[in-house]
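The shown structure was predicted, so the numbers you read here are calculated from the model rather than taken from an experiment. Numbers restart at 1 for each chain; the letters A, B, ... are given by sequence-line order, proteins then strands.
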Protein chains: 2
Amino acid sequence: MDKKDLFGLCPYVTSQKILSGKWSIYLLYLLKDGPVRFNELKRMMPEEITHTTLSRQLKSLEEEGLIVRKEYSQIPPKVEYFLSEIGNKFDKVLLALGEWGEEYIEFIKEKA
Amino acid sequence: MDKKDLFGLCPYVTSQKILSGKWSIYLLYLLKDGPVRFNELKRMMPEEITHTTLSRQLKSLEEEGLIVRKEYSQIPPKVEYFLSEIGNKFDKVLLALGEWGEEYIEFIKEKA
DNA sequence: ATACCTAGTATCAAGGAGGATACCTATATG
DNA sequence: CATATAGGTATCCTCCTTGATACTAGGTAT
């Protein structure tokens, strides 16, 4: 293994990089049940996210191949985002992550 | 759900924050088989990581409760890191992440 | 005429994470 | 005396991400 850069070689390092965006996991979770429109997505997220940031996050997930952007030629515009094939396969990670996250939340509650 | 900050409420947002460190996933992977010493860990990682950064990453994972730091009173020092109980439960995520990562690596190879 | 709608982009400022370097501990060895 | 050892911390600098704001398009509703 090349120790310089393990991206594209080590599955963990590769995954890490994909998930590095502040909202990537949450976005993949929100998209798992089918196409969602841009503003719809924005309304499902915490208020702190701006549409600039959401736009950028979606763009990079698209460039990485996890999601697909479908634009309808309408006025006002309509754009839908949904998971690609490889994005869909992420569901098992989401499931494990969801379960672990619940346990972790319990853990920090007990500790407090 | 409080839309201001979902940390500690939504398992996905919570997990995202825990995994935000550049090396967190890889570190959890390296630690999954038992205690590892600091320099041992460093040698297993890509050369770009400095001991300063490794130290910080380990410290935050420790503060978040995922790993345990055990210090032996010796000269020269000996410090071992290993997964805590909740850190151990992360193994299912690692498994799913590892499999997905492999598939993703295949995916980008085909695309190129 | 004006305002609103969606889904953006362009630009700038702020913050934080990471990396580089220097320094620390106390002992053993050459 | 100098150096290596193991595992750190303190400080500074830089880059990247995020957030804030302003702007765009063309059609519809007031």
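- Nearest-nucleotide mapping onto DNA chain D: of A:P77 and A:L54, the residue sitting toward the 5' end is A:L54.
- Within the 4.5 Å cutoff, side-chain heavy atoms of A:L19 are placed close to those of A:F90.
- Within a 6.0 Å sphere centred on CZ of A:F107, other residues, nucleotides and ligands contribute more than 12 heavy atoms.
- Contacts of B:Y72 with the nucleic acid, taken as non-hydrogen atoms under 4.0 Å apart, are absent.
- For DNA chain D, the span of nucleotides reached by chain B at under 4.0 Å from its heavy atoms goes, 5' to 3', from D:dT5 to D:dA10.
- Between the B:T14 side chain and the A:G101 main chain, no donor and acceptor come within less than 3.5 Å of each other.
- A:E71 is linked by a salt bridge (charged side-chain N to carboxylate O under 4.0 Å, His left out) to A:R69, counting only residues two or more places apart in sequence or in another chain.
- Every residue two or more places apart in sequence or in another chain that forms a side-chain contact (heavy atoms from CB on, under 4.5 Å) with B:K89 is listed here: A:W100, A:E103, B:E85, B:I86.
- Scanning DNA chain C 5' to 3' for nucleotides with an atom closer than 4.0 angstrom to a non-hydrogen atom of chain B gives a first and last hit of C:dG18 to C:dT27.
- Residues satisfying the salt bridge (charged side-chain N to carboxylate O under 4.0 Å, His left out) test with A:E106, not counting sequence neighbours, are A:K109.
- Nucleic acid contact for A:Q57: sugar-phosphate only, since backbone atoms but no base atoms lie under 4.0 Å from a heavy atom of the residue.
- In terms of position on DNA chain C, the residue among B:W23 and A:L58 whose nearest nucleotide sits closer to the 5' end is A:L58.
- With respect to A:L61, the side chain to side chain contact (heavy atoms under 4.5 Å, CB included) criterion is satisfied by exactly one of A:Q57, A:K59, A:E64: A:E64.
- Looking at heavy atoms from C-beta onward, A:F38 lies in side-chain contact with A:L58 at the 4.5 angstrom threshold.
- For the strand DNA chain D, secondary-structure stems (runs of at least three Watson-Crick or G-U pairs, all distances below 3.5 Å) span C:1-5 with D:26-30, C:7-30 with D:1-24.
- Counting non-hydrogen atoms under 4.0 angstrom, A:R37 reaches the backbone sugars and phosphates but no base.
- By the neighbour-count criterion of 12 heavy atoms within 6.0 Å, atom NZ of B:K92 is sparsely surrounded, having that number or fewer from other residues, nucleotides or ligands.
- Under the 4.5 Å side-chain criterion, counting only non-hydrogen atoms from C-beta, B:Q16 is not in contact with B:F7.
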